[in-house]
Amino acid sequence: MRLTDAEKAMRDGQGGEAVAAAMDLLIRYGEALGAECLVETHNVTGTVTATTPFMRDFALEKGGMDAVFSEFSLDSRKVVNIPKVKAFSSHLQLGFDPHHPQEMGLSEEMVRFYRKSEAETARLGVQILNTCTPYQVGNVPTRGEHCAWMESSAVVYCNSVLGARTNTEGRESVGAAMLTCRIPDWGFHRDEGRRGTLGIHLDIPVETVEDWGLLGYWMGDWVQERVPVITGVGQVPNLPKLKHFGAAASSSGGVEMFHLVGITPEANTREQAYGGNTPTELRHYGARERAATLERINATGKDRQVDYVMLGCPHYTIEQIWEAAQLIEGRKVNPGTALWIWTPRAIKEIATRNGYTKIIEDAGGKILTDSCSAMSRAVPPGTRVVALDSAKQAHYLPAILGVQAWFGTTAQCIDAACTGRWSAA
Ligand code: F3S
């Protein structure tokens, strides 16, 4: 791999042992990918804290968070002192909501450890955004900006909606990028990796969050890791719709980038989206595909009695919390059902200032932050049946926790929370 003088100096230890270990990792990783060089990045998003009891035990046994960073973020057997990060870096979920540890089933000891782990991460200079949607709360890369992001739903949003450039990185590569401001120049960092390769034409209007989730789930299943170009889009989708669309596509498949012709930054026209590629296939999405996808997502839903309504995957926007507050104001959550809404801490703060947290809590629901049910395996005790407005969460929760899932609109979910029953078709 071609290295600049500055990169060679980092590799040779001029920045200290941790930076040398990070460069070593990036060189090995880049060579395995077939990258010819590294690209500079000043925007990294990932997880570096100890997020599981196993990591907590590892930290306690091996000497703290430097040991965790060395082993799990730098692939270094030797424990090296971790300096402050060089790149602007933000943290994904932490693993617990500091205000609702009991609901999440966490012991006091685990809470103490999480708090310590978070404080040490902040001391490294990593922004404690604690969300899968960093683009909602202060990390909004610009078009063409090279990033190094983890979290599939954030990656597809970063590439497709913002026009910034990232592959789906892992804990190791983001740790190394934080210390070096480098990442292999490969895949979605390069123009040729971003061009569309196959097409989808919409034969029906796709308008609601539910519609976009269904389209994304259908699309991901078909295109897997290819880059689709979508034509026939009517109403321009907003942030929540694009968030749900990408998240669904990156769960049923591995979609890291899509082009919505006339809407997303690199797809002003169909020709621009393909960038000279000839589409290998074209499929139509119509009423039949939509109905079959809804049936598939709801395949685990059998019992109509709902124990838990989970909203906020990916983390809810303030607009979605506003909608939920309007839907539930003056109503009460059914005594046998729990309503939890997940959002970034910063958005909960706005929701509280606007009175939405009170409306939701007065109704018997809760707004939680910093994590989610799938990431933390946190659901109310005894949960067997869940209602969701997220195709991504409906994909993962039954697989992770063995629960039944119903997928529908936010209004249907709020109705399920208040009546205790899933009454949508
Ligand atoms: Fe975010 Fe959890 Fe969904 S991390 S995208 S809310 S599975």
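Since we're looking at a predicted model, the values are computed, not measured. Just follow the structure's listing: the first ligand is 1, and inside any ligand the first atom is 1. These values consider heavy atoms only, across backbone and side chains, with no hydrogens, waters or symmetry-generated copies.
Atoms of ligand 1 found under 4.0 Å from any heavy atom of Q93, numbered from 1 in the order shown, are 1 (Fe), 4 (S). Near E151, meaning under 4.0 Å from one of its heavy atoms, ligand 1 places the atoms 5 (S).
Within the structure, side chain to side chain donor-acceptor pair (under 3.5 Å) pairs that include any residue of residues 253-267 comprise T168-E256, R194-E266 (at least two apart or interchain). A side chain to side chain donor-acceptor pair (under 3.5 Å) check over residues 219-230, counting only residues at least two apart or in different chains, returns the pairs D221-R296, R226-E281.
More than 12 heavy atoms of other residues, nucleotides or ligands lie within 6.0 Å of CD in E192, so this atom counts as buried by the packing criterion.
The CD atom of Q393 sits 9.0 Å away from the CH2 atom of W342 when rounded to the nearest 0.5 Å.
Legend: residues meeting ring-ring contact (aromatic ring centres under 6.0 Å, His included) with F188, ordered by chain and number and at least two apart, are absent.
Screening H189, R182, R190 for a side-chain contact (heavy atoms from CB on, under 4.5 Å) involving V39 leaves a single residue, H189.
Protein-derived N/O/S atoms nearer than 2.8 Å to atom 3 (Fe) of ligand 1 total 1, waters excluded.
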*Decide yes or no on ring-ring contact (aromatic ring centres under 6.0 Å, His included) for Y217 and F407, but give the supporting numbers first.*
CA-CA 12 Å; Y217 202 75; F407 166 80; 8.2 Å; no
